[in-house]
Amino acid sequence: MNTLIRGALVAALVAMLAACAVPVSSVATAEPAATMMRTEVVWLGQSAFKITTPGGKVIVTDPWLRTNPLTPANYKQLDVFGRIDVLLVSHGHFDHIADAPALAQQYNVPIRAPGDLNQTLTTLGVLPANLLPRMNKGGTIEPVPGIKVTAVHAEHSSVYVWRNPVSNKDETHPGGEPVGWLIELENGFRIYHAGDTAAFGDMRLIGERFKPDLALVPIGGNFTMDPAEAAWAVKELLRPKAVIPMHYGANPLARGTAQQFIDAMGSSSVRVIVAVPGQPIPF
Ligand SMILES: [Zn+2]
């Protein structure tokens, strides 16, 4: 091999190594992004949401699905979720708890709900006690690693109506204090699920202390905030980066509409996202 050819081979080898070095280092820096997914929020009607976290966990809130007129047909099949890591129920009314016991059993996931509601479910034998842990407002729990959950005040009421299998009659049982939820995901993304509530002054505390990236607020009226009240609470008290209206369109008494909410938000800098049931919203 003459020196000219040898020189050319060495130069080619150096060029190859140099070319290799670039992708190797870029793969190394790209790795965290490949393992961390985005957050995905799917509205399932009323106050039910499926939230898929950046770490791939699934959070389900207030699951009224099988008889909810807004829930897409595929979500009425409860095995559609594949997995549920955190199951949150804000209070004992049917339009929030309806399918929670079935989901808890199917996915072997405890219902996180006001402690006195879970006590009622335990006493009635709705589920085994290990699926009904007690908690209350204040303090933060980490039901699965990386997901932080805090129960906060909600201005509402709560009972649990149960069909007694012996008498075949409905009975009304204590449903605990209704709550809203502060949910912080693995990457620090913060969601406030207001549950059913009127506006209340401590929403300012939630806004100042928790600084929600996303607020899920009821707008239907009659049972909860109406569009004007909700828009005022969002603009003046909660001040999230984005808001999704919920708890409208499924009960003829809750007449508030998304358009009324948009109009009431006016020129606010808060991003209003009108969710379509079943369609994922990325964050
Ligand atoms: Zn409700």
Side-chain angles (χ1 to χ4, degrees), residues 41 43-49 51 61-64 68-70 88-97 113-114 117 137-138 150-159 175-183 190-277 281 283:
V41 175
W43 186 42
L44 301 175
Q46 202 74 334
S47 306
F49 286 87
I51 302 163
T61 68
D62 286 358
W64 172 37
N68 182 337
L70 295 185
L88 301 176
V89 173
S90 62
H91 62 292
H93 293 157
F94 181 80
D95 59 321
H96 299 260
I97 197 171
L117 172 59
K137 288 176 269 191
T150 310
V152 295
H153 180 74
E155 194 65 63
H156 196 60
S157 65
S158 179
V159 292
E177 290 259 330
V179 301
W181 299 105
L182 307 179
I183 309 161
R190 291 184 292 268
I191 301 168
Y192 168 49
H193 186 297
D196 273 5
T197 191
F200 56 95
D202 280 357
M203 282 180 169
R204 185 185 298 282
L205 187 149
I206 291 168
E208 285 176 4
R209 182 148 186 261
F210 187 69
K211 296 184 172 47
D213 293 293
L214 171 65
L216 313 172
V217 298
I219 67 156
N222 196 83
F223 308 100
T224 69
M225 298 191 286
D226 61 21
E229 185 181 351
W232 178 82
V234 168
K235 288 188 286 188
E236 301 296 328
L237 305 178
L238 293 167
R239 302 172 189 267
K241 292 196 181 85
V243 61
I244 298 177
M246 64 177 183
H247 210 274
Y248 68 97
N251 181 312
L253 293 173
R255 293 199 185 91
T257 66
Q259 189 58 53
Q260 289 169 343
F261 180 67
I262 290 168
D263 293 345
M265 287 296 289
S267 59
S268 163
S269 61
V270 179
R271 183 180 161 213
V272 179
I273 304 167
V274 176
V276 176
I281 301 161
F283 288 92

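The minimum heavy-atom distance linking Ala275 with Ile281 is given by the pair CB-CD1, 3.7 Å. Ala233 and Met225 make their closest contact through CB-SD, 4.0 Å (heavy atoms, listed as atom of the first residue, atom of the second, distance). When all heavy atoms of Met246 and His193 are compared, the closest pair comes out as CE-CE1, 3.5 Å. For the pair Ala154 and Val179, the tightest heavy-atom approach, listed with the atom from each and the gap, is CB-C, 3.7 Å. Heavy-atom minimum distance, Pro63 versus Ala48: CA-CB, 4.2 Å. Taking both residues in full, the closest heavy atoms of Ala264 and Ala231 are given as CB-CB, 3.5 Å, listed atom of the first, atom of the second, then distance.
Under 3.5 Å, the side chains of Asp196 and His93 contain no donor-acceptor pair of N or O atoms.
Between His156 and His91, the ring-plane angle classifies as perpendicular under the 30° and 60° cut-offs.
A 4.5 Å side-chain heavy-atom check between Val243 and Phe261 finds at least one atom pair inside the cut-off. Side-chain contact check for Leu44 versus Asn68: every heavy-atom pair is 4.5 Å or farther apart. Between Pro240 and Val234 there is a side-chain heavy-atom pair separated by less than 4.5 Å. You'll find the side chain of Val152 stays beyond 4.5 Å of the side chain of Phe210, heavy atoms only. Residues Met203 and Phe200 are in side-chain contact: their nearest non-hydrogen atoms beyond the backbone lie under 4.5 Å apart.
When atom types are taken as modelled, the side chain of Glu229 and the backbone of Ala198 share no donor-acceptor pair closer than 3.5 angstrom.
Here the CD-CZ distance, from Gln260 to Arg255, works out to 11.0 Å after rounding to the nearest 0.5 Å. Note that CH2 of Trp181 and OG1 of Thr61 are 10.5 Å apart. Values are rounded to the nearest 0.5 Å. Here Leu238 contributes atom CG and Glu236 contributes atom CD; the two are 10.5 Å apart, rounded to the nearest 0.5 Å. Here the CG-CD1 distance, from Leu216 to Ile51, works out to 6.0 Å after rounding to the nearest 0.5 Å. Between the CZ atom of Phe283 and the CD1 atom of Ile191 there is a distance of 7.5 Å, given to the nearest 0.5 Å. A distance of 5.0 Å separates CD1 in Ile183 from CG in Leu88, rounded to the nearest 0.5 Å.
Residues satisfying the side-chain hydrogen bond (donor to acceptor under 3.5 Å, both in side chains) test with Ser90, not counting sequence neighbours, are Asp62. By the side-chain hydrogen bond (donor to acceptor under 3.5 Å, both in side chains) test, Asp95 is found to be paired with Gln46, His247, residues two or more places apart in sequence or in another chain being considered.
Every pair passing salt bridge (charged side-chain N to carboxylate O under 4.0 Å, His left out) that includes a residue from residues 205-227 is listed here, sequence neighbours excluded: Asp213-Lys241.
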